[in-house]
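By convention in this document, chain letters (A, B, ...) are assigned in the order of the sequence lines, proteins followed by strands, and residues within each chain are numbered from 1.
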Protein chains: 2
Amino acid sequence: MNIKDVSERTKLPAKTIRYYEDIGLITPARGENGYRKFSENDLHKLAFVGRARHLGFSIEDCRNLLALWGDNGRSSADVRAIAQSHLEQIEAKLRELAEMRDTLARLVHCCAGDNRPDCPILEDLAKTHI
Amino acid sequence: MNIKDVSERTKLPAKTIRYYEDIGLITPARGENGYRKFSENDLHKLAFVGRARHLGFSIEDCRNLLALWGDNGRSSADVRAIAQSHLEQIEAKLRELAEMRDTLARLVHCCAGDNRPDCPILEDLAKTHI
DNA sequence: GTTGAGCTTCCAGTAACTGGAAGCCCTATA
DNA sequence: TATAGGGCTTCCAGTTACTGGAAGCTCAAC
């Protein structure tokens with residue numbers, strides 16, 4: 001299968017698929033013309049990575065998850081550790097963003113948003129702590 | 001004031017301060033020796049940017065907010081628009097991350113995390129939709 | 001005078017792509 | 001058979017907001 005079909009079936013941009021080859025996540029075969037020839041296994045790996053990326057796993061996590069996926073002697077503990085650590089990072093990010101949201105929502109709410117210059121948002125940003 | 005003192009007072013790394021000069025957020029004076037000489041105004045701008053960055057505003061947003069801050073003829077509506085748009089992006093990101101967290105938490109919870117290979121996390125990632 | 005800290009610039013690297021240019025290859029149609 | 005188009009290739013550069021590191025000048029203290 002050529003890259004365009006793979007792109008359509010995996011919903012990954014062709015550029016991204018080439019990039020994933022570049023960094024060694026997949027190694028599709030090549031035809032005589034130099035075109036990439038994707039196997040079903042390549043397809044499955046790409047779909048796997050696509051889903052992992054969708055869950056926010058880093059490329060390095062994806063690489064490790066792929067390796068574990070292909071390793072029948074794996075321990076589920078290793079997979080869980082990666083997912084658990086990622087989950088914790090997401091939770092930390094969520095807390096950070098929620099705090100930003102709260103502050104911003106309050107500020108936006110307090111700002112008249114008219115043609116006058118007075119603005120609690122700027123006042124807050126300028127609040128001097130130095 | 002030299003860069004190290006500014007760095008301590010604004011809590012911004014010296015590298016970051018130089019970078020902010022590079023991209024034109026501030027333009028500190030220079031001494032005869034070539035050292036940057038920061039004014040109180042530079043300090044305030046840096047603190048302002050630091051706080052805006054802390055709230056997740058992009059550098060370009062910071063640039064625009066700084067300009068509005070220094071413009072006495074501004075309309076608070078312009079400030080509010082920037083903050084509102086940023087708030088919406090944060091809320092979108094929050095929704096995305098919350099979804100990731102929910103899925104991940106469920107998967108991590110279902111995974112035994114022992115020395116056996118069976119793993120619902122991998123199974124989920126491998127769920128073929130292609 | 002020398003040492004060590006502080007300052008300078010410049011280059012490269014980060015994460016994960018994405019856009020674009022230059023140039024083959026393949027297929028269909030006139 | 002010539003050509004037009006779309007698909008494929010590689011390679012280079014740009015994105016965001018810094019950060020690390022090297023080479024080298026400056027300053028203050030002893």
For nucleotides 15-17 of chain C, list the nitrogen or oxygen atoms of the protein found under 3.5 Å from its nitrogen or oxygen atoms, one pair per line.
from	atom 1	to	atom 2	distance (Å)
C:dA16	OP1	A:I59	N	3.2
C:dA16	O3'	A:R53	NH2	3.3
C:dC17	OP2	A:Y20	OH	2.6
C:dC17	OP2	A:R53	NE	2.9

[X] with [Y]: basic N within carboxylate O range, under 4.0 Å:
{"X": "A:R9", "Y": "A:E40", "value": "yes"}
{"X": "A:R63", "Y": "A:E60", "value": "yes"}
{"X": "A:D118", "Y": "A:R116", "value": "no"}
{"X": "B:D124", "Y": "B:K127", "value": "yes"}

Length of the [atom1]-[atom2] vector between [X] and [N], whole Å:
{"X": "A:R36", "N": "C:dC24", "atom1": "CZ", "atom2": "P", "result": "17 Å"}
{"X": "A:D22", "N": "D:dT9", "atom1": "CG", "atom2": "C1'", "result": "12 Å"}
{"X": "A:I17", "N": "D:dT9", "atom1": "CD1", "atom2": "C1'", "result": "15 Å"}
{"X": "A:K37", "N": "D:dC8", "atom1": "NZ", "atom2": "C1'", "result": "15 Å"}
{"X": "B:D5", "N": "C:dA5", "atom1": "CG", "atom2": "P", "result": "17 Å"}
{"X": "B:L25", "N": "D:dT16", "atom1": "CG", "atom2": "P", "result": "13 Å"}
{"X": "A:K4", "N": "C:dC26", "atom1": "NZ", "atom2": "C1'", "result": "14 Å"}

pair [X]-[Y]: side-chain heavy atoms closer than 4.5 Å:
{"X": "B:L107", "Y": "B:L125", "value": "no"}
{"X": "A:I59", "Y": "A:R53", "value": "yes"}
{"X": "B:I3", "Y": "B:Y35", "value": "no"}

For this session: Indicate, with a heavy-atom threshold strictly under 4.0 Å, whether B:I3 touches base, sugar-phosphate, or nothing.
Result: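 Sugar-phosphate only.
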
Protein-nucleotides 22-29 of chain D N/O pairs under 3.5 Å:
from	atom 1	to	atom 2	distance (Å)
D:dC27	OP1	B:N33	ND2	3.2

For this session: Over 60° means perpendicular and under 30° means parallel, so classify the ring planes of B:F48 and B:W69, tilted if in between.
Result: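 Because their plane-to-plane angle is under 30°, the rings of B:W69 and B:F48 count as parallel.
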
Problem set entry | Rounded distance (nearest 0.5 Å) linking atom CG of B:D61 with atom CG of B:L55 |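 Rounded to the nearest 0.5 Å, the CG-CG separation comes to 11.0 Å.
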
Problem set entry | Contact under 4.0 Å: A:R18 side-chain N or O vs D:dT10 OP1/OP2 |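 A:R18 to D:dT10 OP1/OP2: no side-chain N or O under 4.0 Å.
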
Problem set entry | Under 4.0 angstrom between A:R30 side-chain N/O and C:dC25 OP1 or OP2 |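 Answer is no, no contact under 4.0 Å.
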
